[in-house]
Structures are given as structure tokens and as C-alpha cells.
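Below is one structure, written out as C-alpha cells; the observations come after it.
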There are 2 protein chains.
Amino acid sequence: MDHGSWIGDSMTADARPAAPPLTERQEARRRRILHASAQLASRGGFEAVQMREVAEAAGVALGTLYRYFPSKIHLLVATMQDQLQHMHTTLRKRPPAGEDAAQRVAETLMRAFRALQREPHLADAMVRALTFADRSVSPEVDTVSRLTTAIILDAMGLEHPTPEQLSAVRVIEHTWHSALITWLSGRASIAQVKIDIETVCRLIDLTAEPGRG
Amino acid sequence: MDHGSWIGDSMTADARPAAPPLTERQEARRRRILHASAQLASRGGFEAVQMREVAEAAGVALGTLYRYFPSKIHLLVATMQDQLQHMHTTLRKRPPAGEDAAQRVAETLMRAFRALQREPHLADAMVRALTFADRSVSPEVDTVSRLTTAIILDAMGLEHPTPEQLSAVRVIEHTWHSALITWLSGRASIAQVKIDIETVCRLIDLTAEPGRG
DNA sequence: AGCAAGTCTGAAACTTGTTCTAGATTAGCG
DNA sequence: CGCTAATCTAGAACAAGTTTCAGACTTGCT
């Protein structure tokens, strides 16, 4: 239940001193662990990411794995953070081309969705971990959430969103996560996820500032 | 991984013969189990619902518990089904009084939210189980989803919703579940959940049939 | 180089969800 | 009532996440 401080623990709030800078070998270990995690997840989803196997595949002792990531959930959320970062840079290269903000956001999310479809097991592991995470993972989940928000705001082309627009973005994120869950558990089709995304994106029109981008 | 057929397994599809009718003692056992589950969940949330403890509190052997509910997730989803049923009947007694459909839905969901706030640990256990459930629990999760849909449609006062309206309802459900998650994990305040609910309910206005209730 | 503090390893132990087994109990039926 | 199949019980066993520990290795510092 209680995890002490761990390697890479930067603690956003000022509760603890800033992150200890990682040595090169530590950085390499961290990367190997995340890579192993993503690899195993790609094979068999959440259940296939077994801590002993991750440790072995990363060439690291079990105790060390737990020092870097204090739980399986932490590990998978960090994996998602990693993947999202990739996606964000990829998306920045080819921004969506839609007419209005709603279209661009929908297009962006559908692009992300297609990427997830290529690795459905990985998506399963990451999304399940994200929604299952309890309070002890809040800072990490929050980072993921901020990244997602940034991606959506990018697509909207907004620098200084109004509170109303931020609400719409939050609702879009809610829908995005939950729609993914229903798809992953086989309760909704790809087409249905598409419809839901397009539906929720219409909220953006409701909050558009007249005479602005 | 593979659970055989179990007590109370009614199997909506015609893959298996219909539900074996439960004897009185079996019905009583099932109730005791669900009661124990809710009780333990109310104390300490998801983690506090431990299968051995549930079995003991229900006065039933561990193997029997698993015969009635093939996994902890199944048990908690069934618990949620149970609670939702109560809520539905309660809500029917005092229908929401708002002017338009969006207001009534928002009011209904906020009422449900307040009920959950009274037992936050129970809410934690049920909602986490619901979103963590994998394909093997799809039928049960689907039942919960249909119940939720029914509650929302009740609030809207619709008998024959259009496909567009059903999309809106699905998006509202997505927001509802995901907003609850963020609240439970301490990443969103009660006020923020309220705003998100009200925001997403504005979608209803977008899909209102002109000249109909 | 040589020491102190911190880190990593390998292996065992512990926890809780899940499965299995042998025998006792119960339900349905002639 | 007495039989048979299904169900229930107690308890062991197994699986995977998590914790712990003694000893080896690194790092930073002088």
C-alpha cells in the first residue's frame, strides 16, 4: 500500500525535493523497462504484462523494477505517457486539416484511435491501467491527462481557452477514455466509437468564441 | 481465465439454455453474498472486498462464492447492478422537475452522484470494477449500461429516441463514468464533476426534435 | 586509491485472487 | 423412503503482484 520514494520520483508538488537526476545507466534501465513493458503489452494486453517477465526482459532484478515503478499500474501509466509523447510529436508534424475546431479535434482523435487499433493489446493494457489507477497514481495519471488536453487544444488551435472551452475539452477526454474502454471490452464497434467522438465534438461548436479561431 | 457456467448464469444469447431457476436457499445465499460485498465495499472500497472475507461474511464456502460469481469483478458488477436497480426505483418515485430534458438529466445524474457521495468507498469499488472489466464480463457490464441508459431516457421523458439522441445518451454515460473515476481518484472536485455533467447535458439540446418532448 | 552512501541482484516470503479435490449435504424423483 | 445428480464445504494448492533481505556493485567524494 505504501511505496517509499522511488527512482525518477519528481513529485510535482513541493512535498519532496526535486527529482534526483538519473545517471546514464539508470536512464538506460528505465528505457529498457518501458520497452519491455510495451512489448509484453503488445503481445497479450494487461494480463501479459507480468512484473517478473518485465524484469527479466529488461535485464533487471524484480526489486529494481519496483524501485523504478512502484506498481504495475504505475508502470503501465508511464508506458502510456511514453506512447502519448510519441503520438503528440507525430501529430504535430501533420496537423489536422478540418474546417472548424470540432472537425479538427474529431480527426485528431480518430487518428489516435487508428493508431491504437494497430496495437489493440497495448491499448488494452494502457487504458485499463489508466482507469483502474487509484489515488496513489494520481500525479502520473494527471500528467497523461494534461498531455491529452494539450493534444486536443492543439487540434482546436487555441492558446488561451475559456473555462467553458476547458469544460468541453474535459468532457471530450471523458468520452474518449470511456469509449475506448467500451471498444476494448467488445461492447462497442469501431463505428460506434467514431460516432461518439463526432457527437461529443459538437460540444465545441457550442462554446466557440464568436469571431475567433 | 475460463469460467464454466455458474449459478444464475442466464446467458442472454441462446448459446446456453435459460437460467436454472434458483431455489429459495440459493436465492438467499446470493443475497447474502451481494450484501456482504456491498458492506465490505462500503468500508474500504475495491481492495477491501476480499473474496475470502466476502465468503466468510456471507456464511458460504469460497468455492461456492466462485460458483455464484466467477470473479471479483463479476461480483462487484453484480453489486452495482443491484444498487442501480434500487436507485432506478427511487428515482421513479420522484422524477426530476426541470424545464427541459437537459436540465432533468443533469438533475437526475447529480442526484445519483449525491447518493454515491454518501458511500464513496462503495462507489469506488463498483465503478473501478465496471471500467476494469474485460470481455468475460461484457454481458453483465452491458446490463448495467442498459440500466443507466434507461434511467437517462426516463429523465429525458423519451419513449422512442432517435439514433442521434441515443448517441448523445451514450456520450453522457461515457462522461458520467469517466467523471466519476476522476472524482474517485481525487483528480477532480465535486464541483468539477457537476460542471462536466452540465456541460455534456447541453448535447441534448443539440439533438432535440423540434416540437416534441 | 579508499571510504560511505546509495543502488542493484537473486532469492525467498507474503498476500490475495483463483482453481482444485474429496467428502458431506441437499434437491428432485420414483 | 431410498437413489442419483447436483450442490456445498473445508481446505490445500497455485498464480502473480508486492515486499523483504543479505550481499555485491557503483557512485561521489576526498
Side-chain angles (χ1 to χ4, degrees), chain A residues 1-9 17 19-30 32-33 36-37 40-41 44-77 125 128-129 132-134 136-137, chain B residues 1-9 17 19-30 32-33 36-37 40-41 44-77 125 128-129 132-134 136-137:
Chain A
M1 197 81 204
D2 168 59
H3 317 286
S5 78
W6 65 92
I7 298 259
D9 177 8
L22 298 202
T23 73
E24 210 160 304
R25 303 183 61 191
Q26 286 178 322
E27 192 56 58
R29 263 187 215 108
R30 188 166 190 283
R32 286 207 306 279
I33 292 173
S37 166
L40 287 169
F46 187 88
E47 329 205 316
V49 180
Q50 303 198 351
M51 299 304 268
R52 284 173 243 257
E53 292 206 26
V54 172
E56 181 175 11
V60 123
L62 189 56
T64 305
L65 172 52
Y66 273 95
R67 186 181 253 289
Y68 280 71
F69 301 96
S71 78
K72 174 170 173 173
I73 300 290
H74 281 84
L75 171 58
L76 284 172
V77 171
R128 297 254 300 284
F132 188 64
D134 66 6
S136 71
V137 205
Chain B
M1 198 77 201
D2 168 60
H3 317 286
S5 77
W6 66 90
I7 298 260
D9 176 7
L22 298 202
T23 72
E24 210 159 304
R25 303 184 62 191
Q26 286 177 322
E27 192 56 58
R29 264 188 215 108
R30 187 165 191 286
R32 285 206 308 279
I33 292 173
S37 166
L40 287 169
F46 187 88
E47 330 206 316
V49 180
Q50 304 197 351
M51 298 305 267
R52 284 172 243 259
E53 293 207 26
V54 172
E56 181 175 13
V60 122
L62 189 54
T64 305
L65 172 52
Y66 274 96
R67 184 181 252 289
Y68 280 71
F69 301 97
S71 78
K72 173 170 172 173
I73 300 291
H74 281 85
L75 171 58
L76 284 172
V77 171
R128 296 255 298 285
F132 188 64
D134 67 4
S136 71
V137 204

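Letters A, B, ... are given to chains in the order of the sequence lines, protein chains preceding strands, and every chain is numbered from 1. Given the structure is predicted, the values throughout are model-derived calculations rather than measurements.
B/Leu22 has its CG atom 13 Å from the P atom of C/dA27, to the nearest Å. Atom CD of A/Glu47 and atom C1' of D/dG17 are 13 Å apart (whole Å). Counting to the nearest Å, the C1' atom of D/dT18 and the NE2 atom of A/His74 are 13 Å from each other. In this structure, the CZ atom of A/Arg67 is 13 Å from the C1' atom of D/dT20, given to the nearest Å. When the C1' atom of C/dT15 is taken as reference, atom OH of A/Tyr66 falls 12 Å away, rounded to whole Å. Taking atom CG of residue B/Asp134 and atom C1' of nucleotide C/dG17, one finds them 14 Å apart after rounding to whole Å. Rounded to an integer number of Å, the gap from CZ of A/Arg32 to C1' of C/dT9 is 13 Å. Summarising the geometry, the separation between NZ on B/Lys72 and P on C/dT19 is reported as 15 Å, rounded to the nearest angstrom.
In terms of position on DNA chain C, the residue among B/Gly63 and A/Arg29 whose nearest nucleotide sits closer to the 5' end is A/Arg29.
DNA chain D lies under 4.0 Å from at least one heavy atom of each of the following residues of residues 48-61 of chain B: B/Arg52, B/Gly59, B/Val60, B/Ala61.
In this structure, CZ in B/Arg128 is found 9.5 Å from CD1 in B/Ile73, a value given to the nearest 0.5 Å.
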List, with names and distances, any nitrogen or oxygen atoms from the protein found under 3.5 Å away from nitrogen or oxygen atoms belonging to nucleotides 24-28 of chain D.
{"from": "D/dT26", "atom 1": "O3'", "to": "A/Arg25", "atom 2": "NH1", "distance (Å)": "3.4"}

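Applying the side-chain contact (heavy atoms from CB on, under 4.5 Å) test to A/Arg29 and every residue at least two apart in sequence or in another chain returns A/Arg25, A/Gln26, A/Arg32, A/Val60, A/Thr64, A/Tyr68. Scanning for ring-ring contact (aromatic ring centres under 6.0 Å, His included) contacts around B/Phe46 gives A/Phe132, with sequence neighbours left out. Not counting sequence neighbours, the partners of B/Glu53 by the side-chain contact (heavy atoms from CB on, under 4.5 Å) test are B/Leu40, B/Gln50. With sequence neighbours left out, the side-chain contact (heavy atoms from CB on, under 4.5 Å) criterion links A/Arg52 to A/Leu62.
Contact between A/Ala125 and A/Gly45 at its shortest, heavy atoms only, is CB-C, 3.8 Å. Smallest separation of non-hydrogen atoms from B/Tyr66 and B/Ser71: CE2-CA, 4.2 Å.
Residues A/Met51 and A/Leu75 have side chains in contact (heavy-atom distance under 4.5 Å, counting atoms from C-beta outward). Side-chain contact between B/Val54 and B/Lys72 is absent, with no heavy atoms from C-beta onward closer than 4.5 Å.
Closest to the side chain of B/Ser71, out of C/dT7, C/dT9, C/dT18, is C/dT18.
Distances shorter than 4.0 Å separate some side-chain N or O of B/Gln26 from OP1 or OP2 on D/dC8. Close to C/dT7, at under 4.0 Å from its OP1 or OP2, lies no side-chain N or O of A/Tyr68.
When heavy atoms are screened at a 4.0 angstrom cut-off, B/Phe69 is found touching no nucleic acid atom at all.
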